[in-house]
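Note that the coordinates shown come from a computational prediction; the quantities given were computed from them, not determined experimentally.
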Amino acid sequence: MKKILSVLLVALTTLVCNANNHKKGCNTLEEINDAQIPEAVKKWLKNELSNTTTTVLENFETPAFFIKKKAKIIGYIKGYDQTLGAKTGVFYYTNQLTRENKPRVIEIHKDGRFELELPLEYPMQNFFRIKSQVITFYLEPGQNLSVILNWDDIKQPRRISYPLKNVAYQGPLGNINTNLLHYKPNYNGGDFQEKEAIMEPVAFKEYILQFKTNALDKVKAYEQSGEIDKKTSELLRNDILLETYYSLFDYYSPTHTPRYGQGKRKANNIDDTLPEDYYNFIKDLPLHKQSILVNQNFAGFINRLEYAQPLQPKSKYERVSTGLTTSSFVEFLESKNVELSTEEEELIKIAFIPTKDRKTFSKELTSKISAFNKKYKSLRKEYLNSIKDKKEFARKKHFTNKWKEQDSIAASLGIKNNLIYEIIKSRTLKFIMEADGLYDDKAWYWSELKKDIKSPHLIKLGDDLFQNEISKPEFYELPDNELETAIFKKIIAPYKGKIVVVQFWNPHSYYQGESLERMKKRRNSFKNNDDIVFLNITNESNSSIEKYNSSVKENGFENSIRIPQDDYNYMRQLFKFNASVHDVLVKQDGETVYNDFETWNMEYFLSKEFNIKPEN
């Protein structure tokens, strides 16, 4: 009876707060008399909630929207029992403006308290995960938010709802969090995918737009009745817009790999040829509003927008002419008075083919190419240097022309001069910084991109990212005295003295078909080398032991382990990855990790750094 009364008091207090305090938010902590929350925890929560450094935003279109301040989620799990698992949670933090992943482990203390500090730069609507349960939140820079959960919900082996509904929020942002949780329209993105798989484009578009209208009407009614305030209403409307417009973009993919619906429609012989006016909904997108950045679905939405078919310049797919040709090399040799034999004239035609692409060559031919390259090594180097400036000029010209064309297309679509289009430009910087060999003069490319960016915040973010990438070392040492470092060192201890190529993976990830066979073949080309070992690590919670075992056999993994979810959360934090597959290379000392290593490039990388070459 006492427990029931406590729950009723929490619910009643929240309802009263929601009805009477829309504008200022609400701190329900002082009004809750819940016997399941110890007094010491109540005092801790109250103290933490008082440590805010900003005022709650009145709206989202204020200059105060962009402000770099730490924010904090503090919480308590009622009835928590650490002996039954879940010593951590995880927040898959991604900076969508720079595409940087920085997941955070949420440590759960023995008494059920937990906390998560976030370096926010603008308001965020997102979620964190404890075991299988997903807990949503809305947070502003400089603000603290209290989240009260129940262990009976968290310990369930499967997700009991999405997101978890039995949550009590406290603090200045408690009211808006409660409303966002309980007033969100009841829809499932998976339903859109099912429709996408069976409907022609016109019918699918009509269905999505009608759904959008109906859902927006409901939110409008909530606001007009006074059940929710304007900020909550705007975030709910944006959620609907991003979800539905994402689905419209998702119907067709301009990439070589068709999306889910495209494959299903092809199998069902559905004519999905897009009509000319299919993308006319683009003009209705609220791309000038800062508020759409808040939504957790913004990441998927902007990805679909920037790669949408009507926004793609034709020049993007043109081959960049660099002058690196057999005939130009021959001309260069002739200018140096070099006379080639008949055999050398044939060899020169394949002299520039990369080593990794010579797998079909006979040993005799490979040997002749090596001898040819050795003979003309100095001249070959001189030739490559002579055309370096020409290559860079061609790439810069192509880059400038591509963006001029894309700007023109964006202007014709009515989306050029707005915040989101500027973000599309600024997000290109991370690709430029990581694309070795393609953009040598990186400072020039960033200066070109930011010419048309008016947002001071985006320019500052880009400048910081540029400086960080320029100064980033080739490798780094694992941090001392960190729990995640200790966990990882214990995992790789059996391979001391070897180069360890680690791949974090999920049995349900992309390893299938051709990609599976390619990776197996590439690993096998190093199987007789005692200096290198391949280790695959997955999360025990990602799949059943049966699925794991079958995947290990199918992938041909010789060294593979499953680790507890808590440990895997720490690995995400240590190596900064959110994806289902992530590559790490550790040197023989077990301490040094290379930045930006990826297995798709491992033959070149291992050869360059360690002089280790594949057997065939």
Side-chain angles (χ1 to χ4, degrees), residues 87-88 90 92 101-105 107 472-507 509 511 519-520 522-543 545 548-549 551-615:
K87 296 177 183 178
T88 67
V90 65
Y92 301 103
N101 294 320
K102 297 178 181 179
R104 299 296 181 93
V105 171
E107 183 181 356
K472 186 168 68 174
E474 185 180 4
F475 45 78
Y476 63 92
E477 302 293 322
L478 290 171
D480 291 330
N481 303 319
E482 298 290 345
L483 177 57
E484 52 261 47
T485 298
I487 293 170
F488 183 67
K489 285 186 175 181
K490 184 177 180 181
I491 290 172
I492 64 171
Y495 313 107
K496 187 175 181 179
K498 295 179 181 290
I499 298 163
V500 185
V501 176
V502 180
Q503 189 164 72
F504 295 95
W505 69 294
N506 182 331
S509 64
Y511 276 117
M519 273 309 302
K520 284 170 64 176
R522 299 177 77 185
R523 283 196 309 271
N524 287 339
S525 67
F526 295 95
K527 67 180 180 180
N528 293 325
N529 193 310
D530 293 333
D531 295 323
I532 186 170
V533 63
F534 293 89
L535 173 64
N536 292 85
I537 304 174
T538 192
N539 182 350
E540 287 179 350
S541 300
N542 278 342
S543 63
I545 187 64
Y548 167 77
N549 287 335
S551 297
V552 167
K553 182 177 180 180
E554 184 181 8
N555 281 277
F557 294 155
E558 293 187 5
N559 303 289
S560 181
I561 60 171
R562 296 170 85 218
I563 62 176
Q565 180 170 317
D566 292 322
D567 290 353
Y568 204 84
N569 288 344
Y570 279 111
M571 294 300 95
R572 287 190 179 279
Q573 179 171 276
L574 178 62
F575 295 113
K576 299 181 177 62
F577 70 97
N578 289 331
S580 62
V581 177
H582 182 72
D583 304 318
V584 173
L585 186 143
V586 188
K587 289 180 70 173
Q588 295 94 326
D589 60 5
E591 299 274 354
T592 307
V593 179
Y594 277 85
N595 278 308
D596 304 326
F597 168 77
E598 293 179 319
T599 55
W600 67 267
N601 198 30
M602 67 180 177
E603 289 90 348
Y604 169 77
F605 194 92
L606 291 171
S607 175
K608 178 173 74 77
E609 296 295 330
F610 304 102
N611 197 30
I612 294 177
K613 296 178 173 59
E615 294 179 354

Inset, instruction - Before giving the answer on side-chain contact (heavy atoms from CB on, under 4.5 Å), spell out for Glu484 and Phe575 the whole-Å C-alpha distance, their side-chain angles and the decisive distance to 0.1 Å. - result: CA-CA 10 Å; Glu484 52 261 47; Phe575 295 113; over 6 Å; no
Inset, instruction - Start with the C-alpha gap between Lys613 and Asn611, add the side-chain angles, then the distance that decides, and say whether side chain to side chain donor-acceptor pair (under 3.5 Å) holds. - result: CA-CA 6 Å; Lys613 296 178 173 59; Asn611 197 30; 2.8 Å; yes
Inset, instruction - Give the intermediate values and the outcome of salt bridge (charged side-chain N to carboxylate O under 4.0 Å, His left out) for residues Lys489 and Glu591. - result: CA-CA 8 Å; Lys489 285 186 175 181; Glu591 299 274 354; 2.6 Å; yes
Inset, instruction - Please report the C-alpha distance between Thr88 and Glu107 in whole Å, then the side-chain angles of each, then the deciding distance to 0.1 Å, and finally whether the side chain to side chain donor-acceptor pair (under 3.5 Å) criterion is met. - result: CA-CA 5 Å; Thr88 67; Glu107 183 181 356; over 6 Å; no
Legend entry - Arg523 vs Glu558, side-chain contact (heavy atoms from CB on, under 4.5 Å): CA-CA, chis, key distance, verdict: CA-CA 10 Å; Arg523 283 196 309 271; Glu558 293 187 5; over 6 Å; no
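The aromatic rings of Phe504 and Phe488 sit tilted, their planes meeting at an angle between 30° and 60°. Relative orientation of the Phe610 and Tyr594 rings is perpendicular, given thresholds of 30° and 60° on the angle between their planes.
In terms of heavy atoms, Leu535 sits closest to Ser560 at CD1-N, 4.4 Å. The minimum heavy-atom distance between Ser551 and Asn555, with the atom names listed, is O-ND2, 2.7 Å. Residues Thr538 and Pro507 share a closest heavy-atom pair of OG1-CD, 3.4 Å. Contact between Tyr495 and Val500 at its shortest, heavy atoms only, is CB-CG2, 3.9 Å. Nearest approach of Asn601 to Arg522, heavy atoms of both residues: N-NH2, 3.9 Å. Asn528 approaches Glu615 most closely through the heavy-atom pair CB-OE2, 2.7 Å.
Side-chain contact between Leu478 and Leu574 is present, with heavy atoms from C-beta onward closer than 4.5 Å. Two residues are said to be in side-chain contact when any heavy atoms from C-beta on lie closer than 4.5 Å; Ile499 and Ile612 meet this criterion. At least one side-chain heavy atom of Leu606 sits less than 4.5 Å from a side-chain heavy atom of Leu585. Contact check for Tyr568 versus Val90: no side-chain heavy atoms found under the 4.5 Å cut-off. The shortest side-chain heavy-atom distance between Arg562 and Asn542 does not fall under the 4.5 Å cut-off.
A donor-acceptor contact shorter than 3.5 Å links the side chain of Gln573 to the backbone of Val105.
For the atom pair OG of Ser525 and NZ of Lys527, the computed distance is 10.0 Å after rounding to the nearest 0.5 Å. How far CE of Met571 is from CG of Asp567: 7.0 Å, rounded to the nearest 0.5 Å. Expressed to the nearest 0.5 Å, how far CZ of Arg572 lies from NE2 of His582 amounts to 10.0 Å. The structure places CE of Met602 at 9.0 Å from CG of Asp583, a figure rounded to the nearest 0.5 Å. Rounding to the nearest 0.5 Å gives a distance of 12.5 Å between CG of Asn506 and OH of Tyr548. A distance of 10.5 Å separates CD1 of Ile537 from CG of Asn559, quoted to the nearest 0.5 Å.
In the displayed structure, Lys102 atom NZ is contacted under 6.0 Å by at most 12 heavy atoms of other residues, nucleotides or ligands. More than 12 heavy atoms of other shown residues, nucleotides or ligands fall within 6.0 angstrom of atom NZ in Lys498. In this structure, Asp530 places its CG atom where only 12 or fewer heavy-atom neighbours from other residues, nucleotides or ligands lie under 6.0 Å away. More than 12 heavy atoms of other shown residues, nucleotides or ligands fall within 6.0 angstrom of atom NZ in Lys472. The environment of Lys553 atom NZ is sparse: at most 12 non-hydrogen atoms of other residues, nucleotides or ligands sit within 6.0 angstrom.
With respect to Trp505, the ring pair (Phe, Tyr, Trp, His ring centres under 6.0 Å) criterion is satisfied by exactly one of Phe577, Phe557, Phe534: Phe557. Applying side-chain contact (heavy atoms from CB on, under 4.5 Å) to Glu477 and the options Val593, Thr485, Thr592 leaves one that passes, Thr592.
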